[in-house]
**Q** 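This is the structure I have questions about; it appears just below.
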Protein chains: 4
Amino acid sequence: MSIMSSQPKYQRRKEDRPQEIADAAFAAFAEKGYAATRIDDVAKRAGISKGLTYLYYKTKEDLFKAVVKNVVVRRVDTLIGNVESTNLSSEDFLRGPLLDFMKQVPGSPIAIVIRLLISEGPRHPDLVDYYYENVVARGLGAIRQFVTRGVERGEFHRDALQYQPHLFLAPMMLSMIWRLIFADKPLDTDQLMESQIEMLLAQLKA
Amino acid sequence: MSIMSSQPKYQRRKEDRPQEIADAAFAAFAEKGYAATRIDDVAKRAGISKGLTYLYYKTKEDLFKAVVKNVVVRRVDTLIGNVESTNLSSEDFLRGPLLDFMKQVPGSPIAIVIRLLISEGPRHPDLVDYYYENVVARGLGAIRQFVTRGVERGEFHRDALQYQPHLFLAPMMLSMIWRLIFADKPLDTDQLMESQIEMLLAQLKA
Amino acid sequence: MSIMSSQPKYQRRKEDRPQEIADAAFAAFAEKGYAATRIDDVAKRAGISKGLTYLYYKTKEDLFKAVVKNVVVRRVDTLIGNVESTNLSSEDFLRGPLLDFMKQVPGSPIAIVIRLLISEGPRHPDLVDYYYENVVARGLGAIRQFVTRGVERGEFHRDALQYQPHLFLAPMMLSMIWRLIFADKPLDTDQLMESQIEMLLAQLKA
Amino acid sequence: MSIMSSQPKYQRRKEDRPQEIADAAFAAFAEKGYAATRIDDVAKRAGISKGLTYLYYKTKEDLFKAVVKNVVVRRVDTLIGNVESTNLSSEDFLRGPLLDFMKQVPGSPIAIVIRLLISEGPRHPDLVDYYYENVVARGLGAIRQFVTRGVERGEFHRDALQYQPHLFLAPMMLSMIWRLIFADKPLDTDQLMESQIEMLLAQLKA
DNA sequence: GATGAATGAGGATTCATTCAT
DNA sequence: TATGAATGAATCCTCATTCAT
């Protein structure tokens, strides 16, 4: 009405709306799963209206994909960077940074993403591919490279290379699934991973 | 009117209907997950009408529970019986029957059940408990008992007992999840499990 | 199989099956109303299978109509016969047999029929007509006739005829509805009807 | 394509939607009863989509309760207010305002509510209680109070108090039921109520 | 941009009715 | 006759998506 009314109507308009929505969606998916999450829940969590969600994400499925990629992207690079740039001896690296990393995975958003991929993956092959290339392949590659370096440095014996990198991650995987399913049943997941690392070291060391 | 109308409207009438429905439901859940499966899908697969499903299972949830328990019950007893009644040396048993068993799990219905538990478990705590008691606890118990026997026989050293039984199963778990998510990506899951058994044997043997 | 087997397979086959079914249906309708009653309930109450019901009553609606007519027919004739054949003075008849009859109506199956007619009547005009002709018209006619007789005998004054017979029944009606709706709220329905009769007598008497 | 498509897909947007829906529901329930009314009918009558009904009323039952309370609340207060604030002599009041009120009840929405309570009451005890407290108890209380006042003023004799207030309403009740069931059968319901009032006056007057 | 009322396509569940046995 | 398994049409209710404001 008035000429002077210079306050923009929607001053809270944020640039990071998409991110906020994705975060809210992630929280909702984590809690109830994809199918059981209503767009309304997401909007409420994000503090916006249902309709606005659709301004940024055309469909619920779009939102789902964004969420998965989002979480993945925000986590993986730094992690793998760590592995690649370490100066520690192989043994110290395994017992130190790698173990620490693995220990925190089962309780992290990555576990949620795994759960979502297990549930919804079959309906989203592109998402699975994305995840494989950006997380799994890179992670396994990093471990393989690490073992190779250990061999080159003489810390590991030659046959070390025949061990699949998945073996490093198996207890982490089991711990993750355990927590997803049996949240309340006790299990010393840290010790599980430690034992595995020790076993592997015993096998790999020259 | 038509030359041959050979389709009787009322097909057959059996008491294995419940099992047929459960089987159809298992197949449907395996393919699309619980939430995305329509009762109609199940009925169609079972070759019956939607309504008949409800004669045997009061709700979709009932059907779900029946399916899970069904698969579990039909599998577990024999398997664990095997473990308990073996006469082989510990080493031979690990490399033989146990490894064989583990190798076939990731491709078996048990993997599907795991998928369902991961997706729907949080909404069905009683099912999780059932699964824990009837499968997990018993399986872990069997392994623990097996290790104990190995120690008693002098095949394993005393410290063997400190290894959590989960360690035996970790690669099996990883293989299972791998297949559930990355069905088409290659992974020599058998070798993974073999390596783990060898590593464990190397650690456990007196 | 054996030649001697002279026992008929269904020896309990009764001639009064239709009646039994109607009784069961009446009980079920009384308890849950027409819409909420399942044919299965009726069959169970009658101690027969669902299918057999359809041998005697083509549809649920048929059954409904049979039930209403049934109850009506079985009750009305004797009742009205009473009124018509009395030898008592008008006053004694009102205070005696008529009052007694009215007192027991609100708790009788007639009340249930009224309830059914109120609920389902609009969908069954023929039933309403049937009820009107066989119960209401006859009942009112009997009262009218009774009053006429009273006038002829000099027990009632001439103007007595201007009173509509419905007035005799109004408290009975109210009592019936009261019980149907407020089963548990106290109301001395007997006194209500007594007061009305006394009032009417005071008005009618010469 | 078409020459004129003038129907907007999204009609209007009001806050009187709840009332509109309740009105539509009332009409539908009045016509077909609660059980036989489809939410779709209600929506169609209200000119909205089925889903919108659920935005305002969580379940069909909620809608039902809202409808009943709605009708009741909108009517009762003024009516009972009338009774309480009158300055007329008891006799004039009975013959005037009270009679007028009673005469219009059998054709009013209140009759519909009665029908609904008779049909569905047993399944909705809370509704029955609500109705009892807000309509019946208050109505009867008002009549009782009115009689008391008449006695105090010397218009009625002492024994007047022994007459249950229900007696005033009995012909109204009968008229209501009569219309609900025998809509088309003639009955001078007004005269019925007038006669009752006259009879009562004859009894009550000092 | 933002809202949330409104839509409508399903999906779970019920139940009158049918029919093979 | 008698059974009850089987059918399928109907009905309540949910929720992703749209759009008037």
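We name chains A, B, ... by the order of the sequence lines, and we start the count at 1 in each one.
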**Q** Keeping the roles fixed (side chain from D:R123, backbone from C:K32), state whether a donor-acceptor pair exists under 3.5 Å.
**A**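 Yes.
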**Q** Can a side chain N or O of C:R17 be found less than 4.0 Å away from OP1 or OP2 on F:dT1?
**A**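 Negative; the distance criterion is not met.
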**Q** Protein within reach of the bases, or only the backbone? For nucleotides 10-16 of chain F, mark each nucleotide 5' to 3' as B, S or -, using heavy atoms under 4.0 Å.
**A** BSSBBSS
**Q** Rounded to whole Å, please give me the gap between CG in D:L55 and P in E:dT3.
**A**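 Rounded to the whole Å, the gap is 17 Å.
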**Q** Using a heavy-atom cut-off of 4.0 Å across all strands, would you classify D:Y56 as base, sugar-phosphate, or nothing?
**A** sugar-phosphate
**Q** Below 4.0 angstrom, N of the basic side chain to O of the carboxylate: do C:R38 and C:D41 qualify?
**A** yes
**Q** Can you check whether A:Y56's main-chain N or O pairs, donor with acceptor, with A:R17's side chain at less than 3.5 Å?
**A**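 Looks like no, no N/O pair under 3.5 Å.
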**Q** With a 3.5 Å distance limit and no angle check, can you tell me whether D:R45 reaches the backbone of D:F26 through a side-chain donor-acceptor pair?
**A** no
**Q** E:dG10 P sits how many Å from B:K32 NZ, rounded?
**A**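 Distance, rounded to whole Å: 13 Å.
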**Q** Tell me: CG of C:D41 to P of E:dA16, nearest whole Å?
**A** 8 Å
**Q** Sub-3.5 Å donor-acceptor pair from the side chain of C:T37 to the main-chain atoms of C:A28, do we have one?
**A** yes
**Q** Check the pair D:Y57 / D:K65 against side-chain contact (heavy atoms from CB on, under 4.5 Å), numbers first and verdict last.
**A** CA-CA 10 Å; D:Y57 301 98; D:K65 290 180 177 172; over 6 Å; no
**Q** Please, what dot-bracket string fits DNA chain F when only Watson-Crick and G-U pairs with both distances under 3.5 Å count, crossing ones use [ ] and pairs to another strand use |?
**A** .||||||||||||||||||||
**Q** Grab the NZ-C1' distance between D:K44 and E:dA6 for me, whole Å please.
**A** 16 Å
**Q** Say whether, by atom type as modelled, one donor and one acceptor occur between the side chain of B:K60 and the main chain of B:Y34 under 3.5 angstrom.
**A** yes
**Q** C:K58 side chain to C:L63 main-chain N or O, any donor-acceptor pair under 3.5 Å?
**A** no
